[in-house]
Amino acid sequence: QVQLVESGGGLVQAGGSLRLSCAASGDTFCISGMGWYRQAPGKERELVADISRRNRINYADSVKGRFTISGDNAKNTVYLQMNSLKPEDTAVYYCNAQTKRTIGCDGADYWGKGTLVTASA
C-alpha cells in the first residue's frame, strides 16, 4: 500500500509559477516511478511529466521548457516546478506512483486526491 499526498496548488496569474509536491508513504520501496497528471474540465486526464528511480524523465510537449519534474528518493517525494503558467494549464493535478510486481509489492498504480492549479489571464 502506498499513500500519496499532494500540496502546492493554488491560484496564480498567467506567467506566474507554482511548485507542486507529492509525498509518498507506506510501501515506498515498491515504487518504480512517479508522475504528474492533470485533468482540465471536460477533458481526459493526461500525463504532464513522470520520472523513474533512475531519473528517466518524460514531459508532455505542451509543458516542455516550462515545467521541471524532480525527485528526492530519500524523502520519497516528487516535485513539479511550473513556470510561465498559462490559462490552459488550469486543471486538477494528480500525483501518480507506479509500483513493482514483486515479493511484497502489488504492482498497482496509486493516485493522490489531486490539487487544483488555476492560472488566470
Side-chain angles (χ1 to χ4, degrees):
Q1 296 288 320
V2 174
Q3 296 80 46
L4 304 172
V5 179
E6 301 119 324
S7 61
L11 173 64
V12 298
Q13 290 191 315
S17 297
L18 285 173
R19 189 186 192 221
L20 306 184
S21 299
C22 175
S25 60
D27 297 333
T28 56
F29 63 91
C30 295
I31 297 173
S32 59
M34 297 179 68
W36 290 96
Y37 291 70
R38 67 187 182 188
Q39 188 165 24
K43 301 191 69 176
E44 294 185 351
R45 188 174 299 188
E46 64 175 353
L47 173 70
V48 177
D50 60 17
I51 184 169
S52 73
R53 287 282 191 180
R54 292 189 175 187
N55 290 324
R56 295 180 67 90
I57 292 171
N58 297 300
Y59 292 103
D61 287 342
S62 59
V63 307
K64 286 180 180 177
R66 299 188 298 121
F67 292 9
T68 303
I69 190 170
S70 61
D72 186 335
N73 286 324
K75 294 182 177 180
N76 297 308
T77 300
V78 295
Y79 307 93
L80 186 69
Q81 179 67 46
M82 304 186 293
N83 298 326
S84 302
L85 282 161
K86 303 175 180 179
E88 50 263 46
D89 295 317
T90 296
V92 177
Y93 284 69
Y94 296 91
C95 181
N96 166 261
Q98 305 92 53
T99 63
K100 306 171 184 177
R101 180 166 284 141
T102 187
I103 296 173
C105 303
D106 61 15
D109 279 0
Y110 291 87
W111 295 90
K113 293 187 295 184
T115 185
L116 178 63
V117 171
T118 302
S120 62

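Remember, predicted model here, so these are calculated numbers, not experimental data.
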**Student:** Can you tell me how far CZ of Phe67 sits from CG of Asn83, rounded to the nearest 0.5 angstrom?
**Tutor:** 8.5 Å
**Student:** For Asp89, give me all partners under salt bridge (Lys or Arg N to Asp or Glu O under 4.0 Å), at least two apart in sequence or on another chain.
**Tutor:**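 Partners of Asp89 under the salt bridge (Lys or Arg N to Asp or Glu O under 4.0 Å) test: Arg38, Arg66.
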**Student:** Taking the side chain from Tyr59 and the backbone from Ile69, do they hold a donor-acceptor pair closer than 3.5 Å?
**Tutor:** yes
**Student:** Can you pull out every disulfide (SG to SG under 2.5 Å) where at least one residue sits in residues 80-111? Sequence neighbours excluded, please.
**Tutor:**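 Qualifying pairs, neighbours excluded: Cys22-Cys95, Cys30-Cys105.
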**Student:** Checking the side chain of Asn76 only, and the main-chain atoms of Ala23 only, is there a donor and an acceptor separated by less than 3.5 Å?
**Tutor:**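 Not a single qualifying donor-acceptor pair exists.
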**Student:** Does Arg19 reach the main-chain N or O of Gly8 with its side chain, forming a donor-acceptor pair under 3.5 Å?
**Tutor:** no
**Student:** Can you tell me if Glu46 has over 12 outside heavy atoms packed within less than 6.0 Å of its CD?
**Tutor:**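 Yes.
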**Student:** With Arg45, which residues qualify under side chain to side chain contact (heavy atoms under 4.5 Å, CB included), at least two apart?
**Tutor:** Tyr37, Gln39, Tyr94, Trp111
**Student:** Test side chain to side chain contact (heavy atoms under 4.5 Å, CB included) on Leu4 and Met34 and set out the steps.
**Tutor:** CA-CA 10 Å; Leu4 304 172; Met34 297 179 68; 3.9 Å; yes
**Student:** Could you give the side-chain donor-acceptor pairs of residues 113-121 under 3.5 Å, partners two or more places apart or in another chain?
**Tutor:**
unit_1 : atom_1 : unit_2 : atom_2 : d
Thr115 : OG1    : Gly9   : N      : 3.3

**Student:** Looking at Glu88, I'd like to know if its CD atom is crowded, meaning that more than 12 non-hydrogen atoms belonging to other residues, nucleotides or ligands lie closer than 6.0 Å.
**Tutor:** yes
**Student:** Any heavy-atom pair between the side chains of Leu20 and Glu6 that's under 4.5 Å?
**Tutor:** no
**Student:** Answer with yes or no whether the side chains of Thr99 and Asp106 bring together a donor and an acceptor at under 3.5 Å.
**Tutor:** yes
**Student:** Lys86: which residues meet the salt bridge (Lys or Arg N to Asp or Glu O under 4.0 Å) condition with it, sequence neighbours left out?
**Tutor:** none
**Student:** Would you check if the side chain of Thr102 reaches a backbone N or O of Lys100 as a donor-acceptor pair within less than 3.5 Å?
**Tutor:** no
**Student:** Which pairs count as ring pair (Phe, Tyr, Trp, His ring centres under 6.0 Å) when at least one residue sits in residues 11-34, sequence neighbours excluded?
**Tutor:** none
**Student:** Could you tell me whether a side-chain N or O of Thr28 sits under 3.5 Å from a main-chain N or O of Ser25, the two making a donor and an acceptor?
**Tutor:** no
